[in-house]
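Accompanying notes for the structure given below.
Chain identifiers are assigned alphabetically (A, B, ...) following the order of the sequence lines, protein sequences preceding nucleic acid strands; residue numbering begins at 1 within each chain. All heavy atoms count here, side chains included; hydrogens, waters and symmetry mates do not.
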Amino acid sequence: MGKILRINMRELTVRYEDLPDKYLLLGGRALTSALVADEVPPGAHALGENNKLVIAPGLLSGTTAPCSGRLSVGAKSPLTGTIKESNAGGITAQKVACLGIRAIVVEGRPAGEGFHLLVVGEDEAKLVPAGDLTGMGCYQLNEELWKRYGTKSGVISAGPAGEMRMVVAGVSTNDGEGHPGRYAGRGGLGAVMGSKGLKAIVVRTDKAFEVPVKNREAFKEAARKFAKAIAEHPVTNAALPAYGTAVLINILNEAGGLPTRNFSDGRFEAAALCSGEALAETVQKRGGKGRTGHVCHPGCLIRCSNIFADEKGEAVCAPVEYESAWALGPNCGISNLDHIAVLNRLCNDVGLDTIETGVTLGVLMEAGVLAFGDGEAAIDLLDREVRNGTPLGRILGGGAEAAGKLFGLTRVPTVKGQGMPAYDPRAVKGIGVTYATSTMGADHTAGYSVASNILKVGGFVDPLSPAGQVDLSRNLQIATAAVDATGLCLFTAFPLLDLDYALPSVVDMLNAQYGVNLTVDDVVDYGKEILKTERAFNRAAGFTEAHNRLPEFMRHEKLAPHGVTFDVPDEKLDEVFNF
Amino acid sequence: MELRVYATLRKYLPAQPLGEGTLFRFEPGTSVAGLLEQAGVPLDQVKIIMVNNRHAGPEHVLADGDRVAAFPPVAGG
Ligand code: SF4
C-alpha cells in the first residue's frame with residue numbers, strides 16, 4: 001500500500017498518510033511530478049511557503065532489482081521556474097522504500113530562521129532542532145550524523161549553499177562509505193530544502209531489499225533476466241566499471257563536442273589529462289583508499305562509481321564523474337585532476353551542483369573575474385566566498401544565467417536558466433534538442449541523445465546533421481521519464497536500448513511486484529503521461545514554446561573544429577511534444 | 001597518419017602516451033581496417049572510429065595526415 005510522510009515546517013508537524021490510490025503505480029519522477037503538479041500552485045515562489053520538496057524512491061527501489069536505488073527529488077525549481085525532478089543514487093532510496101514510505105513531502109516554511117533535522121526510524125519520524133549543525137559542510141555533517149544515528153543511516157542533506165538558498169545548491173545523499181557525493185544536483189533543489197529550514201533527513205534502517213513483492217517467483221525470474229542484460233552489454237560490463245563515466249571525456253573531445261572554456265571550442269588540448277583513463281590510471285598508481293568499480297548503493301551491478309585519492313592515498317572525492325570532471329575541468333580550461341577532484345569535493349561539501357557550478361565558473365572566467373585554467377582561484381572561490389556567502393560567493397551561487405547578466409555577456413550556455421551539461425549542442429545536435437525542449441531546462445539526462453549521436457548505442461544518428469534529431473530526442477525523453485519512475489539507474493538504458501529482452505524484463509518485474517498487467521506499450525504511455533503533467537505545470541507557470549530554444553549565440557557562432565552552428569529549425573523543435 | 005586508441009584498446013599500443021597519437025607511415029589509400037590490423041588492434045573490439053573528428057567505418061580510406069581515433073564500446077552520462 002505505502003504511505004506518504006508529510007512534514008509541515010511551519011507547524012513543525014510530522015504525519016503519515018495512506019498513499020492515495022491514484023498514485024499507486026507512480027514512483028520516482030512520476031510521483032514527485034504528480035505531487036508537485038497537484039499540490040504546488042504553478043505561480044508559487046520556489047523559495048516560498050507554497051512550494052513543496054518531494055522525495056520519492058523509484059517503483060522498484062528496495063527490491064532486489066539490480067541498480068534500482070535511485071532517489072527522486074522534486075519541487076518547483078528556483079533556478080528554472082519550471083517543475084523539476086533531479087535524481088541521485090546513494091543508499092537512501094532503498095531505505096525509504098523499505099520503511100513503506102513512497103514519498104516524503106516537505107511543505108510550509110518556518111516563520112523565523114533556524115534549521116531542523118528530520119529523523120525517520122522504523123516506527124516513527126520526528127523533527128529535531130539542528131542548531132548545532134547549521135552552517136556545517138556535508139562531509140562533517142555526514143560524519144556527525146553517522147556518529148549520532150549509526151553508520152547504516154541514509155542521509156539526505158543541504159550544505160551551506162542550500163541553507164543560504166543559492167540556486168546552484170543541490171541535495172546531497174550518501175553512499176555506503178558515508179561520502180556525501182551522490183547528488184540530486186540540478187535545479188537548485190538544495191535551496192528549496194534550505195528555504196524550508198530543513199538541514200538534513202536521516203533514515204535509520206539497515207534494510208535494503210525488503211519491499212514486499214506480490215509474486216516472488218516471477219519477480220526473481222525477471223530480475224535474473226535483467227541482470228543478464230546488464231552483464232551482457234559491453235558498456236555496463238566493462239567500460240563503466242573500469243573507467244567510470246569520465247570515459248566520455250576523450251570520445252567527446254575526439255568528436256569535437258567537448259565544451260571547452262565556456263563553450264567557445266569543441267576540443268580541449270589537455271582533455272586526456274582529465275579523462276576517465278587518466279583517472280583510472282591515477283587511482284591505480286596511488287593505491288590507498290582510491291578505487292574504481294565502486295557502487296553507489298547495494299545491488300548495483302554496473303559499478304560506475306569511484307573514489308579518487310590524493311598522493312598519500314587518502315580519499316578526496318567519491319565519485320569524480322564525467323559531468324563534474326568536465327564542468328570543473330575543460331569548461332574552465334582546467335586539466336589538473338587533483339584540482340578537479342578538490343573542486344568536486346568542495347561542491348559536495350558546500351552543497352553545490354557540480355554542473356551549474358562549473359558552467360557558472362566558465363561564465364565568470366569569460367567575464368575576467370578569474371582566469372581560465374586557474375584551479376586555485378576556483379578552489380578559493382568555492383571554499384571561501386561561496387561557503388561564507390560573500391557577495392562574490394553569492395554571484396557564483398546565483399548560477400550561470402545570472403552571472404551572464406551581471407557581466408553583460410552573450411555567450412551564456414543556458415536554457416530556461418539552467419546551465420548546459422557536457423555536450424556542445426552544435427556538434428551533438430540531438431542533445432541540443434533535449435536541452436531546448438526538456439521540461440527541466442538544459443538537462444542531458446532528460447533524453448540522452450548522445451547515446452545514438454556519439455556512442456552508437458540504440459542506433460546511430462549523425463551528430464552533425466539536424467536530420468532525425470527531433471524524433472530521437474522525443475523517443476528518449478518519453479522512455480527516460482518512464483525509467484526515472486522505476487528507480488533504475490539511467491545507465492541501465494544502454495542494455496535497455498540495445499537488447500530486446502531487457503525492457504520486457506523490467507515490465508515483468510513491475511507486474512510481479514505490484515500484481516498488475518502492464519505491457520511494453522504501456523511504458524510509452526506512462527512516459528508520455530509524466531511529460532504531459534510536467535508540461536501542463538510549466539505552461540501554467542508561464543512557459544511557452546518560445547522558451548524551448550537554445551541561446552542565440554549557438555545559432556550563429558561557429559564551433560571548432562567542425563565549424564558548425566545549431567541548425568535544427570524552431571518549427572522542428574515545436575514538434576517534439578506532438579503527442 | 002596518426003592513430004589514437006582509448007580505454008580498453010590502450011593495451012594494444014601500451015607505449016602510446018595517453019591522448020597522444022602514434023604516427024604511422026602508410027601509403028595513402030589504406031583503409032581504417034588496414035591501419036588497425038597493422039597496428040595490432042583487433043577490429044572486433046573496436047566499436048567507434050573517428051577520422052578527423054568524424055565518425056567513420058572500417059572501410060574508410062585514409063589520406064595523408066589523417067587523425068584516426070578508435071574506441072571500444074563506451075558510454076556514460
Ligand atoms: S551504475 Fe553508477 S550511478 Fe548507477 S547505480 Fe551503479 S554506481 Fe550508481
ask   = Minimum heavy-atom separation for Gly76(B) to Leu240(A), with atom names?
value = CA-CD2, 4.0 Å
ask   = Do the side chain of Tyr6(B) and the main chain of Asn250(A) share a donor and acceptor less than 3.5 angstrom apart?
value = no
query = Looking at Ile302(A), Thr245(A), Leu248(A), which one has more heavy-atom pairs under 4.5 Å with chain B than the rest?
reply = Leu248(A)
message = With a 4.5 Å cut-off on side-chain heavy atoms, are Phe71(B) and Val247(A) touching?
response = no
Minimum-distance pair of heavy atoms, taken over all atoms of Ala7(B) and Glu277(A) = N-OE2, 2.9 Å
request  = Please look at Ile454(A) and chain B and tell me whether the side chain, the backbone, both or neither of the residue comes under 4.5 angstrom of a heavy atom of that chain.
outcome  = both
key: Donor-acceptor contact present, side-chain His562(A) to main-chain Asn53(B), <3.5 Å   = yes
query = Are there more than 12 heavy atoms of other residues, nucleotides or ligands under 6.0 Å from atom NZ of Lys11(B)?
reply = yes
task = Report, as yes or no, whether the 6.0 Å neighbourhood of atom CD on Glu37(B) holds more than 12 heavy atoms from other residues, nucleotides or ligands.
result = no
query = Between Thr236(A) and chain B, which part of the residue has a heavy atom less than 4.5 Å away: side chain, backbone, both or neither?
reply = neither
ask   = Given side chains that start at C-beta, do those of Ile251(A) and Met50(B) come closer than 4.5 Å, heavy atoms only?
value = yes
key: Winner by heavy-atom pair count (cut-off under 4.5 Å) against chain B, out of Gly256(A), Ala242(A), Gly257(A), Ala255(A)   = Ala255(A)
request  = Please state whether the side chain, the backbone, both or neither of Pro463(A) comes within less than 4.5 Å of a heavy atom of chain B.
outcome  = side chain
Contact origin within Asn453(A) toward chain B - heavy atom pairs under 4.5 Å = backbone
query = Taking Lys47(B) for the side chain and Lys456(A) for the main chain, is one N or O donor matched with an acceptor at less than 3.5 Å?
reply = yes
ask   = Can you find a pair of side-chain heavy atoms, one from His233(A) and one from Pro73(B), that are under 4.5 Å apart?
value = no
task = Please look at Leu18(B) and chain A and tell me whether the side chain, the backbone, both or neither of the residue comes under 4.5 angstrom of a heavy atom of that chain.
result = both
